[in-house]
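On a predicted model such as this, the values are computed, not experimentally measured, just so you know. Count residues from 1 along the sequence. Just follow the structure's listing: the first ligand is 1, and inside any ligand the first atom is 1.
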Amino acid sequence: MIEILKSSIHNFNAGPSILPKEVFEEASRAVIDFNNTGLSILEIGHRTSLFQSVMDEACSLVKELMHLDNDHDVLFMHGGASTQFMQVPMNLLNENELASYTDTGAWAAKAIREAKLFGHVEIAGSTKETNYTSIPKELSISPTAAYLHITTNETIHGTQWNNIPYDCGVPLVADMSSDILSRVVDFNKFDLIYAGAQKNMGAAGVNLVVVNKNILGKVNRIIPTILDYRNHIKEGSMLNTPPVFAVYVAMLTLRWLNKQGGVTAIEKVNNEKADLFYNTLDSLPIFKGIVAKEDRSKMNAVFIMDNVALEKEFLDVCKQEKMIGVKGHRSVGGFRVSMYNALPLESVKALTELMKIFAKKKG
Ligand SMILES: *Cc1c(COP(=O)(O)O)cnc(C)c1O
């Protein structure tokens, strides 16, 4: 097997992003010869028992890792998380009803825009006025709202919900694209969870959707067949051809996570990485965190320098040291360091050492 991931590269990309090396190796083997069948995973039918066992394992791993009860169904769907922005209100919100949304960043704002196409939207809490540098502490939710929507981790702005509003009094819906399976949360308390796979659990091209079946079937609009969650539940995510390879890569990533000890174990590592990173950040005055400390994301750390010329210099140094993906999102500027499940602690150690050396030189 060729070395596909040079260990000297540290990948802090925000998404698509780093996956476990063994997933890349096994996925590449399956492209040539899937499970010693002499066939590529790319050329087998999705209705073969070969692929059915991949789908079954992926679903049961999600159930196991999330400790899901029997009301919650696991779906793998096309379209990226952005499709869920419209599919959620299409399935859950009547035209004359109200859905409650929290406006916490670029992704939440996109979800809100789509929901308005299907019904009324109230903003339960917003931090837009302060450039999305924190998470709202007080929410105002109409008791008649069809659901409350939150974005558990804002990938671009670097905030994360630490106190999830489980007891909001209405069904809870979450976009977990960038922190899915990174920390222990009570997944059963959510009525619908969606996540594009390409940040924390696989390759681009597939979404994980976890839905409590009891909230479905309550809207009176006509839902196109392919967009109705109930049809996907009925057909076991095989209503049409699923993104076979992306589901396979997700299954391998879930298997890897399970082998690490599951969500509890990975959360420990993620905490260690985030602590190391933020402690270093706070100890070096040359760098500046811009997110309220209690709302800092453990997945995406966003920070800046007061001296913009130095920012460019630091990015050059990162590049020299083969640290990629450190540049901030174009809408925020500065830096963004993504520390997803598959990013080794060693990468954070290497980056924080580099930050210290740079600060010393410039300070
Ligand atoms: C990346 C991301 C999305 C968009 O995902 P696509 O798969 O590109 O549609 C949505 N929400 C969050 C929180 C994200 O990080």
| About how many Å separate OH of Tyr229 and CG of Leu216, when rounded to the nearest 0.5 Å? |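 The OH atom of Tyr229 is 8.0 Å from CG of Leu216, to the nearest 0.5 Å.
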
| query | Among the clusters formed by ILVMFWY side chains lying less than 4.5 Å apart, do Leu192 and Tyr147 turn up in the same one? | reply | yes

| Lys288 with Asp306: basic N within carboxylate O range, under 4.0 Å |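 Yes.
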
| query | Would the Phe335 and Phe314 ring centres measure less than 6.0 Å apart? | reply | yes

| Does a side-chain heavy-atom distance below 4.5 Å link Tyr166 with Asp186? | yes

| request: Given ring pair (Phe, Tyr, Trp, His ring centres under 6.0 Å), test Tyr101 with His149 step by step and report yes or no. | output: CA-CA 5 Å; Tyr101 275 71; His149 180 282; 4.6 Å; yes

Identify all pairs of nitrogen or oxygen atoms, one from ligand 1 and one from the protein, separated by less than 3.5 Å, and list them with distances.
residue	atom	partner	partner atom	Å
ligand 1	7 (O)	Ala81	N	3.1
ligand 1	7 (O)	Gln198	NE2	2.9
ligand 1	9 (O)	Ala81	N	3.2
ligand 1	9 (O)	Ser82	N	2.8
ligand 1	9 (O)	Ser82	OG	2.6
ligand 1	11 (N)	Asp175	OD2	2.6
ligand 1	15 (O)	Thr155	OG1	2.4
ligand 1	15 (O)	Lys199	NZ	2.7

